[in-house]
There are 2 protein chains.
Amino acid sequence: MTVWDRPEPPTPPVPLDRERIVAAAVALADEGGLEAVSLRKVAARLSAGPMRLYGYIATKEQLLDLMLDEVHAEILPEEQPGDWRAALGALAHRTRQAALRHLWLADLLGGRPTLGPNGLAVTEARLAALHGLADIDTVMRAVETVSAYCTGAVRREVANLRAERATGLSKRDWQRAHGPHVTRMLATGRFPALAEAVHDGSDVDAEASFTTGLDWVLDAVAAKIAPPPV
Amino acid sequence: MTVWDRPEPPTPPVPLDRERIVAAAVALADEGGLEAVSLRKVAARLSAGPMRLYGYIATKEQLLDLMLDEVHAEILPEEQPGDWRAALGALAHRTRQAALRHLWLADLLGGRPTLGPNGLAVTEARLAALHGLADIDTVMRAVETVSAYCTGAVRREVANLRAERATGLSKRDWQRAHGPHVTRMLATGRFPALAEAVHDGSDVDAEASFTTGLDWVLDAVAAKIAPPPV
DNA sequence: TCAGCGGGAAATACAGTGTATCGACATGAG
DNA sequence: CTCATGTCGATACACTGTATTTCCCGCTGA
């Protein structure tokens, strides 16, 4: 048998590690959303068989955990401002920006405890921002409140953004797209306040809305950690 | 052929409507979480074939929309208190309670626009609570902020609750279950504030925590709709 | 140098999913 | 009685997460 007849030896399997797996999964999710992440596709992107992944993760849930922790690395600012308010605000804004880069983050935010190294680091940063400004319990309550707002606001924004994109139209046209239904509902007169809001409310952009609400919540925190001198 | 040989005529299909379908889906989700909801199982519970459902819904997503709207009916109080603060607080608390009755609600909250009749009614109630107390845009911002907090807080609470249940243990034992990991992480010294919080923080029950944060957010709203006389 | 073997990767298998398509049957019209 | 219609169930398909089996490559011992 000549060399030409001899088949190429099978390519040895590419080495794998958690990092590469998570990167592939994140890329997939960035392109097609969380539902585009399947173990088969992740493995395929790494030129591996599906079952190979089970050497690194025990279940798909764990892969999601790793993905969530991965993007938490993007949330941590390189250096933390000394001002607690700026620090908490920056963390919230960076969370929002991370979610706009990785829309699927909105699906995971708040959905599972963030116990990975980056998740813990973000929590640490939040707590550290307020450290010493009030007793521990107040600080914890404050961090939880700001985080909860952040989670909820980001989720709503992404949900609306997806709804707009699903109709493939601009924001103005959106209410016309869902108009047949919403308009009819509003016309029933059962939702007067809502009708007024839709009719008379000015549409502020999402970032401004997020910032406004965030400021309010931070105001509330400020009032608690430094009660006004009576 | 005798009567005895003749088979019973096939039972005519039970009549179906959206209401029954949604009820079956909700029951399934209550028992086994959202992942237990499959079109086949929903249909089976109604003694129908899976494809039968497609006469009433176009896609599984729509079924989830209907389920979400269904539980929003439980959130609406029978009568709304006149006090805006009590009204918004009641809506938030009822949302939380609904989520504790239907844990899967936490998975859907904030994840999609709530355009069904009950969802709109809840939004209407929120807006109505503040109607006239400030300009429309401020009212909208306030409602969005409170809702965002509510969504985030409920999601976090349910996520923690599930994590506890997954280990099958009480809250105290939980940190011992995840201890091997978390404890090791805290021991690295990279998370001093977090370590202090875990060590010195008193564990308040979830409802109190929710209420505290909610009160802070409502305080913030109060400050905006009735600015302190200068 | 060869036999056996151990381990890791791949292939196969399985139960289940959402949904498209097809076939049959019951019912109403002519 | 016959035929059309439209609704429902069965079937089909591509895909999922994961368990199990198979296979092959490189190593070790003789």
Side-chain angles (χ1 to χ4, degrees), chain A residues 1 6-22 24-68 104 107-108 111-112 162 166, chain B residues 1 6-22 24-68 104 107-108 111-112 162 166:
Chain A
M1 172 194 296
R6 160 172 292 224
E8 287 276 344
T11 62
V14 295
L16 228 54
D17 54 20
R18 244 171 274 237
E19 203 174 342
R20 257 186 273 250
I21 294 175
V22 174
V26 166
L28 239 15
D30 286 348
E31 294 163 16
L34 263 198
E35 71 203 329
V37 177
S38 85
L39 295 186
R40 280 170 167 85
K41 287 190 234 166
V42 171
R45 188 168 275 233
L46 299 165
S47 315
M51 295 314 290
R52 189 112 175 264
L53 303 184
Y54 282 89
Y56 304 85
I57 55 171
T59 185
K60 189 187 180 180
E61 286 288 293
Q62 291 191 359
L63 178 57
L64 296 181
D65 284 340
L66 291 175
M67 291 171 67
L68 183 56
W104 49 273
D107 300 319
L108 263 26
R112 56 192 69 220
R162 280 176 176 151
Chain B
M1 174 194 294
R6 162 171 291 222
E8 287 277 342
T11 62
V14 295
L16 227 53
D17 54 20
R18 242 170 276 236
E19 205 174 340
R20 257 186 274 251
I21 293 175
V22 174
V26 167
L28 238 16
D30 286 348
E31 294 164 16
L34 263 197
E35 70 203 332
V37 177
S38 85
L39 296 187
R40 281 171 167 84
K41 288 189 226 158
V42 170
R45 188 168 277 234
L46 299 166
S47 315
M51 296 314 289
R52 184 105 181 269
L53 303 183
Y54 283 89
Y56 304 85
I57 55 171
T59 184
K60 188 185 181 181
E61 286 287 294
Q62 292 191 359
L63 177 57
L64 296 182
D65 285 340
L66 292 176
M67 292 170 65
L68 183 55
W104 50 272
D107 300 319
L108 262 28
R112 56 192 70 219
R162 281 177 178 150

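Side chains included, hydrogens not; waters and symmetry mates left out as well; all remaining heavy atoms used. Numbered from 1 within each chain, the chains take letters A, B, ... in sequence-line order.
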In whole angstroms, the gap separating C1' of dT7(D) from OH of Y56(B) amounts to 10 Å
Strictly below 4.0 Å, N to O, side chains only: are E31(A) and R45(A) in salt-bridge contact? yes
**Prompt:** I57(B) versus D65(B): any side-chain heavy-atom pair under 4.5 Å?
**Reply:** no
Nearest heavy-atom contact between L34(B) and W104(B) is CG-CB, 3.7 Å
Whole-Å distance, K60(B) NZ to dC15(D) P, equals 18 Å
Whole-Å distance, L46(B) CG to dG9(D) P, equals 11 Å
Of the listed dG17(D), dT20(D), dT19(C), the closest approach to the Y54(B) side chain comes from dT19(C)
Whole-Å distance, M51(B) CE to dT11(D) C1', equals 11 Å
From CG of L34(A) across to C1' of dG17(D) the rounded distance in Å is 15 Å
* For residues V37(A) and K41(A), determine if any side-chain heavy atom of one lies less than 4.5 Å from a side-chain heavy atom of the other. => no
Whole-Å distance, L53(B) CG to dT19(C) P, equals 11 Å
Taken to the nearest whole Å, CG/L16(B) to C1'/dG9(D) is 13 Å
Separation of dT16(D) atom P from E35(B) atom CD, nearest Å, is 18 Å
- Y56(B) side chain vs I21(B) backbone, donor-acceptor pair below 3.5 Å: no
**Asked** Does R52(B) reach the side chain of L46(B), with side-chain heavy atoms less than 4.5 Å apart?
**Response** no
Per the under-4.0 Å heavy-atom filter, residues of residues 37-44 of chain B near DNA chain C come out as V37(B), S38(B), L39(B), R40(B), K41(B)
